[in-house]
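Before any comments, here is the structure.
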Amino acid sequence: MDLEQRVAELERRLTALEGRDSASASPPLGDGDFWALEGLRQQLTDIGEAGADGGVLYTGSVRLPTGEQYGWQYGALTEALLDGDWADAADSFAALGHPVRLRLLREILGGLRTAAELAALDGAGTTGQIYHHLRQLTGAGWLQAAGRGRYEVPPARVVPLLVVLTAARP
């Protein structure tokens with residue numbers, strides 16, 4: 001695509017954005033049609049007795065500021081969730097329980113990937129503190145080392161991380 005086409009496309013998109021108003025905007029995600037819920041209910045019906053107590057489904061389609069794209073879907077039966085050992089999730093939740101760790105995850109998803117880039121953030125702490133937080137997040141599976149001091153959120157954890165963040169908001 002040449003420069004002229006790119007500028008024309010940007011102008012078209014800007015005009016479309018400027019033309020939106022609150023009355024014509026799409027409803028927020030999750031309002032209105034419950035297509036995902038209906039699909040889950042149908043699957044529970046299809047599996048019969050095993051799905052009698054219901055289940056939980058989370059799914060997402062994400063494009064990060066870095067251009068990376070992730071799609072993810074996971075479901076679990078209610079009985080398995082209620083009967084499981086919830087203590088197994090404590091380390092994972094604990095790793096997310098610090099504001100600096102959450103910020104590091106956000107920055108990593110946004111494109112800052114090296115320990116040096118993360119240590120340069122205002123208010124993130126000393127290099128030693130940054131490495132401590134990175135170890136906590138890596139140990140809990142929220143991060144993985146990508147070589148040469150680089151970190152990334154594992155692809156299978158991007159959508160779950162955003163789901164946890166969504167669930168934690170009031």
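Bear in mind that the values here come from a model prediction, so they are computed numbers and not experimental data.
Side chains of H133 and L118 form no contact here, defined as non-hydrogen atoms less than 4.5 Å apart. In this structure, the side chains of L112 and L121 come closer than 4.5 Å at one or more pairs of heavy atoms. No side-chain heavy atom of L137 sits under 4.5 Å from any side-chain heavy atom of V153. Using a 4.5 Å cut-off on side-chain heavy atoms (C-beta onward), Q136 and H132 make contact.
Taking CG of L143 as the start and CG of L105 as the end, the distance is 5.0 Å to the nearest 0.5 Å. Atom CZ of R101 sits about 11.0 Å away from atom CD1 of I130, to the nearest 0.5 Å. To the nearest 0.5 Å, atom CG of residue L96 and atom CG of residue D91 are 11.0 Å apart. Atom CG of L165 sits about 10.0 Å away from atom CZ of R106, to the nearest 0.5 Å. Taking CZ of R150 as the reference point, atom CD of E117 lies at 7.0 Å (rounded to 0.5 Å). Once rounded to the nearest 0.5 Å, the distance linking CD of E152 with CD of E68 reads 7.5 Å.
Cluster annotation: W142 is connected to V62 through the hydrophobic network of ILVMFWY side chains, with a link wherever side-chain heavy atoms come within less than 4.5 Å. No continuous path of hydrophobic side-chain contacts links L40 to Y58 [ILVMFWY only; heavy atoms under 4.5 Å]. Taking hydrophobic clusters as Ile, Leu, Val, Met, Phe, Trp and Tyr residues chained together by side-chain heavy-atom distances below 4.5 Å, V163 shares a cluster with L64. Tracing side-chain contacts under 4.5 Å through hydrophobic residues (I, L, V, M, F, W, Y), one reaches L109 starting from W72; they form part of the same cluster. The cluster map of Ile, Leu, Val, Met, Phe, Trp and Tyr, joined by side-chain heavy atoms under 4.5 Å apart, puts Y74 and L162 in the same cluster.
Contact record, P154 with G141: CG-O, 3.7 Å, taken as the closest heavy-atom pair.
The environment of CD in E79 is sparse: at most 12 heavy-atom neighbours from other residues, nucleotides or ligands sit within 6.0 Å.
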Could you go through R113 and T66, starting from their C-alpha distance and side-chain angles, then the distance that decides it, and tell me whether this counts as side chain to side chain contact (heavy atoms under 4.5 Å, CB included)?
CA-CA 11 Å; R113 301 289 170 89; T66 58; 3.8 Å; yes
Working for side chain to side chain contact (heavy atoms under 4.5 Å, CB included), residues L77 and D83
CA-CA 10 Å; L77 296 175; D83 290 346; over 6 Å; no
